[in-house]
Amino acid sequence: MAGVAGRVALVTGAGSAQGIGFASAAILAAQGAKVAITSTTERIFDRRHELPPGNFAMPADLTDPEQVEALVGATQQALGPIEILVNNAGMVQTGIAEETGGRFAALTDRQWQRGLEMNLMTAVRLTRALLPGMVQRRYGRIVHVSSVTGPLVSNPHSSIYSAAKAAMTGMTRSLAIEVARLGVTVNCVGPGWIATASQSPEEAIAGQHTPIGRSGTPAEIGAVVAFLASEEASYVTGQLVVADGGNALQEYKGPGEGYY
């Protein structure tokens with residue numbers, strides 16, 4: 001099994017030690033990939049020290065096209081051409097106070113712009129920057145960390161996030177068709193309730209009412225990411241791979257007593 005050994009991977013949104021991005025990066029590194037990680041703050045250097053030697057870290061605000069270009073250039077100078085891209089950045093940006101949730105009618109154009117920048121355009125910019133090289137080399141794995149929120153389900157106050165993640169899934173399908181015969185696959189992972197550092201108490205309770213009976217772990221999502229990033233996933237493209245403990249399957253989502 002070739003997996004990801006020797007491949008160069010860039011993982012975004014990897015600043016939190018309890019997040020999906022860092023869990024994905026750690027699994028890829030453990031499987032022999034050369035990994036670059038990024039987040040908006042310098043805590044990314046703490047995460048780098050938790051990875052095996054020889055990997056790379058750099059802070060970058062991916063809503064800024066110039067910082068995207070600098071990140072790509074520095075990563076490729078340090079590790080070589082990027083063959084795997086994991087677009088995990090979004091939802092929460094450390095140090096950014098602006099709220100992008102709320103009742104639909106009260107959301108401003110600025111909030112919409114900011115939310116789409118964080119949750120969609122970060123992935124668009126990096127994919128656009130790296131795709132030509134992948135096509136030229138006839139090899140690439142692009143994995144977007146999307147969500148079940150938007151493509152399959154939603155919640156109040158989540159219209160911006162839902163719209164961005166639904167758009168990411170649509171973009172994935174279109175791009176996958178474009179590059180299917182060029183050695184590049186493009187897929188999404190759709191996490192459900194995951195016990196990251198940013199999970200709220202209400203979300204933790206929701207995780208208890210999934211069919212599995214708990215929230216997922218970042219490592220469980222990272223394992224799906226690592227498979228989609230592998231050479232063995234060469235016949236999987238344009239897909240939304242849902243990892244939500246079966247939650248989207250069930251109509252009734254209240255306490256299980258008396259029903260299950």
Side-chain angles (χ1 to χ4, degrees), residues 13-14 16-24 27 86-94 98-107 111-112 114-116 118-120 122-123 143-173 186-228 233 236 238-260:
S16 172
Q18 294 83 40
I20 291 170
F22 183 67
S24 300
I27 291 170
V86 180
N87 281 312
N88 176 68
M91 191 171 183
V92 175
Q93 274 192 318
T94 300
E98 189 170 8
E99 177 62 50
T100 59
R103 291 286 179 183
F104 180 88
L107 293 169
Q111 287 174 299
W112 272 96
R114 183 64 188 169
L116 294 175
M118 289 170 53
N119 293 294
L120 176 62
T122 53
V143 184
H144 302 303
V145 179
S146 179
S147 179
V148 294
T149 307
L152 296 177
V153 296
S154 195
N155 296 294
H157 297 195
S158 296
S159 55
I160 296 176
Y161 183 78
S162 296
K165 293 303 186 180
M168 178 180 283
T169 305
M171 175 183 70
T172 294
R173 291 168 178 157
V186 191
N187 290 287
C188 285
V189 180
W193 303 115
I194 308 300
T196 65
S198 62
Q199 186 183 54
S200 69
E202 293 79 12
E203 290 169 339
I205 291 171
Q208 295 171 8
H209 295 296
T210 65
I212 286 183
R214 61 173 175 82
S215 296
T217 67
E220 287 174 317
I221 304 304
V224 179
V225 170
F227 167 69
L228 293 174
V236 181
Q239 302 304 306
L240 172 65
V241 180
V242 173
D244 72 341
N247 198 48
L249 300 176
Q250 61 180 3
E251 182 176 358
Y252 176 78
K253 291 184 171 64
E257 294 81 4
Y259 204 94
Y260 288 103

When every non-hydrogen atom of L107 is compared with those of S159, the smallest separation belongs to CD1-OG, 3.3 Å
Separation between OG1 (T169) and CG (L152), nearest 0.5 Å, reads 8.0 Å
When rounded to the nearest 0.5 Å, the distance separating CG of N87 from CE of M171 is 7.0 Å
What one should report as the nearest heavy-atom pair of S147 and L240 is O-CD1, 4.4 Å
Self-check item: Modelled atom types, side-chain donor and acceptor of S162 and S154, under 3.5 Å
Solution: yes
NZ (K165) and CE (M168) are apart, to the nearest 0.5 Å, by 4.0 Å
The reported gap from CZ in R114 to CG in N119 (rounded to nearest 0.5 angstrom) is 10.0 Å
Are side-chain heavy atoms of Q199 and I194 found at a separation under 4.5 Å?
no
- Query: Side chains of R103 and H157: does their closest heavy-atom pair fall under 4.5 Å?
  - Reply: yes
Y161 backbone acceptor or donor facing S158 side chain under 3.5 Å = no
query: Heavy-atom count around Y252 OH within 6.0 Å, excluding the residue itself: above 12?
result: yes
Shortest non-hydrogen pair, P191 vs I20, comes out as CG-CD1, 4.1 Å
Value for OG1 (T210) from CH2 (W193), rounded to nearest 0.5 Å, stands at 11.0 Å
Exactly one of V225, V86, V242 clears side chain to side chain contact (heavy atoms under 4.5 Å, CB included) with V189, and that residue is V225
request  = Could you tell me whether the side chain of V148 reaches within less than 4.5 Å of the side chain of N247, counting heavy atoms only?
outcome  = no
| query | Under 4.5 Å between any side-chain heavy atoms of V186 and H144, yes or no? | reply | yes
**Backbone of N187 reached by a side-chain donor or acceptor of Q239 within 3.5 Å** = no
Check your understanding: Backbone N or O of H209 within a donor-acceptor pair of the Q250 side chain at under 3.5 Å?
Key -> yes
Looking only at heavy atoms, the pair that brings T196 and P218 closest together is CG2-CG, 4.1 Å
- Minimum side-chain heavy-atom gap S16-S198 below 4.5 Å: no
Checklist entry - Are the side chain of N88 and the backbone N or O of G13 linked by a donor-acceptor pair below 3.5 Å? => result yes
Shortest non-hydrogen pair, L120 vs A167, comes out as CD2-CB, 3.9 Å
Closest non-hydrogen contact found for A14 with G21 is CB-C, 3.9 Å
